[in-house]
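Beneath this line is the structure, given in structure tokens, with notes to follow.
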Amino acid sequence: VSLNYINPNGKELRTELWSDDYSFSKDRCDVRIGECYMKGDLNHYEIYFKNEDAECKLTLDGSVPSWRPEGGHILFGKKDYFAWLPSVPEGKVAGELITKKETIKLSGTGYRDHNWGNKLMILLMNDWYWGRAKIGDYVVVSSYIYANKKDNYKATPVFMLAKDGKIITVGKSKFDNLNYSLYVSRQNPDGTLDPIFAQTGIGIYQADLVYLNEAMDAVLAPNGLLYVAGHMFDVDANVNKSFVLCIDEFGFENTLFGDNAYVFSEDGHGIVYSCIDVDSQGRIVVGGYRDDVFFAQRFSADGVLDTSFGEDGLAIMAIGEETYTQSYAQDIKCVEDDNIVLTGFVAIPSMMGKYDAGVCKIDSNGDLISSFGTNGYIIDIPLGAYTEMALSVDVQPNGNYIIAGHNELYTSSENPYYEAFVMSITKDGEIDTTFGEDGYAKLAPFPDAENNCHSIVVAHDGQIFGTITSYDHG
């Protein structure tokens, strides 16, 4: 264990402790070497150092949540990997340092991360850059990694930008008692509205003066811009249309994006943008359905349609056999190598009104990856004999994809009952049977009722959080 301290005058204390008495926890951060220790839980850490030269006791409390790039793993070839978790991208440090001559009170900002892998970094990487900065309210953690020659010096950029720990919500609001408008709110960490955002903490937006403007999904990009996938409906003209709205950090429409902050779907084809994400190059990727079939589009960071993606900017995924005519993407995730995973549900022709859960994976060109599942998709998920819907996707620390949704249970009641499910799928589309029970976790906290899971997120420490809603038919 080493301790290095430089005072404001530039005088340095550098000392070490070596000990054969040590312990390491496999379940959490809890390390002891001699009398020295470090322990914590991603939010609060305690660090203690003691030898014959000095004694130092510190606390580190995160002010920016722990974070990892995608699944936190960078692959080199097929088997080797390097993992990185910035447990505390930025936090507050307090404590004291006791030397033979004085006791010094310490306070300031701190950082903690953790690296691991199955090979030494020097054997995997040719070189790398790493940086961290705090500028005003902004915190930046970045790196640029080059693989070795055998992996063609493949570059992996990593960038995190955080500001204030704010909370953003999106939806629709009938604020004028006539029409629905898209709304975005931003709260402070204590739940109060942030008046810096849209002057009141709540922004109201209309893509057009029609009956319905609603947010379907949103993503906060590393550059601080908020991209919202929305949908509007003109009752008088009986026209549906989808759009992407770009909002700046102050809650105002970013008119440098697209056409005065908006990009719109083409006319016709019943296009719905139901989900949105940003890839490693800052490009906006939307998913949903067109003519009742899975589809995706990609735009540049300034809102220009990427015509190299799919066919003239449109990637349409025929999920299942020819008899599967309808499919509806509900969530999207940009994963390794800017590949894209979409989840949703697919109609079962032999059972009117019933659906199979559907998952597909496309490459950065918009083409189905044939090695994933069956020809690029999975629909034969053995959850039950009735309706199944895969409504959310995220990435685990090991690189697997976590899929969540709900499936219908048989009941003699005229009203359907559902149980929520969570499952883990490998990058090749195989069910990870080590997860849950044979690859599944099934949840029904509301007995004899609907248990609908629409959203899930994998935390930076690998824990899985989701929402389950219910409805009382009685």
Side-chain angles (χ1 to χ4, degrees), residues 64-65 137-138 160-234 240-265 271-278 282-288 297 299 301-303 330-334 391-392 394 454-457 465 467 469:
V64 173
D137 295 329
Y138 291 90
M160 183 213 79
L161 176 67
K163 183 177 185 294
D164 298 336
K166 306 288 185 178
I167 302 165
I168 295 173
T169 60
V170 299
K172 63 181 179 181
S173 174
K174 203 170 187 178
F175 79 105
D176 61 359
N177 293 320
L178 294 174
N179 300 312
Y180 286 99
S181 296
L182 185 154
Y183 89 87
V184 179
S185 71
R186 190 168 77 189
Q187 292 89 36
N188 297 309
D190 63 0
T192 59
L193 287 171
D194 177 9
I196 297 175
F197 185 83
Q199 298 182 328
T200 63
I202 300 176
I204 300 294
Y205 313 90
Q206 289 183 312
D208 201 352
L209 297 176
V210 295
Y211 172 70
L212 176 65
N213 286 264
E214 64 176 333
M216 305 294 287
D217 194 14
V219 60
L220 184 64
N223 60 8
L225 296 175
L226 180 70
Y227 296 97
V228 182
H231 178 70
M232 64 183 187
F233 175 58
D234 185 343
N240 289 279
K241 206 165 189 177
S242 287
F243 58 86
V244 176
L245 164 64
C246 181
I247 301 171
D248 67 23
E249 61 173 314
F250 300 106
F252 299 107
E253 295 168 335
N254 177 25
T255 56
L256 298 177
F257 176 81
D259 182 5
N260 288 320
Y262 293 86
V263 293
F264 293 91
S265 64
I271 291 177
V272 174
Y273 293 162
S274 58
C275 43
I276 189 169
D277 201 8
V278 175
R283 297 173 297 191
I284 300 98
V285 184
V286 294
Q297 286 184 298
F299 300 90
D302 54 2
Q330 300 296 301
D331 200 12
I332 192 168
K333 188 69 176 178
C334 296
L391 303 181
S392 188
D394 205 354
H454 290 274
S455 182
I456 198 167
V457 63
F465 296 88
T467 60
T469 59

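Residue N240 holds its CG atom at 5.5 Å from CZ of F233, rounded to the nearest 0.5 Å. Annotation: the span from C246 atom SG to N260 atom CG amounts to 12.0 Å, rounded to 0.5 Å. Atom CD of Q297 is separated from atom CZ of R283 by 14.5 Å, given to the nearest 0.5 angstrom. In this structure, CG on L225 lies 8.5 Å from CD on E249, to the nearest 0.5 angstrom. Note: F250 CZ to D194 CG = 10.0 Å, rounded to the nearest 0.5 Å. Taking OG of S265 as the reference point, atom CE of M232 lies at 7.5 Å (rounded to 0.5 Å).
A pairwise comparison of heavy atoms in G303 and V263 identifies O-CG1, 3.1 Å as the closest pair. Taking every heavy atom of both residues into account, V170 and A218 meet most closely at CG1-CB, 3.9 Å. Closest approach of L226 and V184 over heavy atoms only: CD2-CG1, 3.7 Å. Minimum interatomic distance between F197 and G251 (heavy atoms only, all atoms of both residues): CE1-CA, 3.2 Å. Taking each heavy atom of S181 and Q206 in turn, the nearest pair found is OG-NE2, 3.1 Å. Shown here for S274 and D217, the closest heavy-atom pair between the two residues is O-CB, 3.7 Å.
Under the 6.0 Å cut-off for aromatic ring centres, Y227 and F299 do not qualify, their centroids lying 6.0 Å or more apart.
Annotation: side chain of Y262 is in contact with side chain of E253 (closest heavy-atom distance under 4.5 Å). With contacts defined as side-chain heavy-atom distances shorter than 4.5 Å, the pair V244/Y273 qualifies. In this structure, the side chains of L193 and Q187 come closer than 4.5 Å at one or more pairs of heavy atoms. Between I284 and I276, the closest side-chain pair of non-hydrogen atoms falls below 4.5 Å. The shortest distance between side-chain heavy atoms of D234 and D208 does not fall below 4.5 Å. Side-chain contact between Q199 and F252 is present, with heavy atoms from C-beta onward closer than 4.5 Å. I247 has its side chain within reach of Y205: a pair of non-hydrogen atoms, C-beta onward, lies under 4.5 Å apart.
When only modelled atom types and interatomic distance are considered, S455 and S392 share no side-chain donor-acceptor pair under 3.5 Å.
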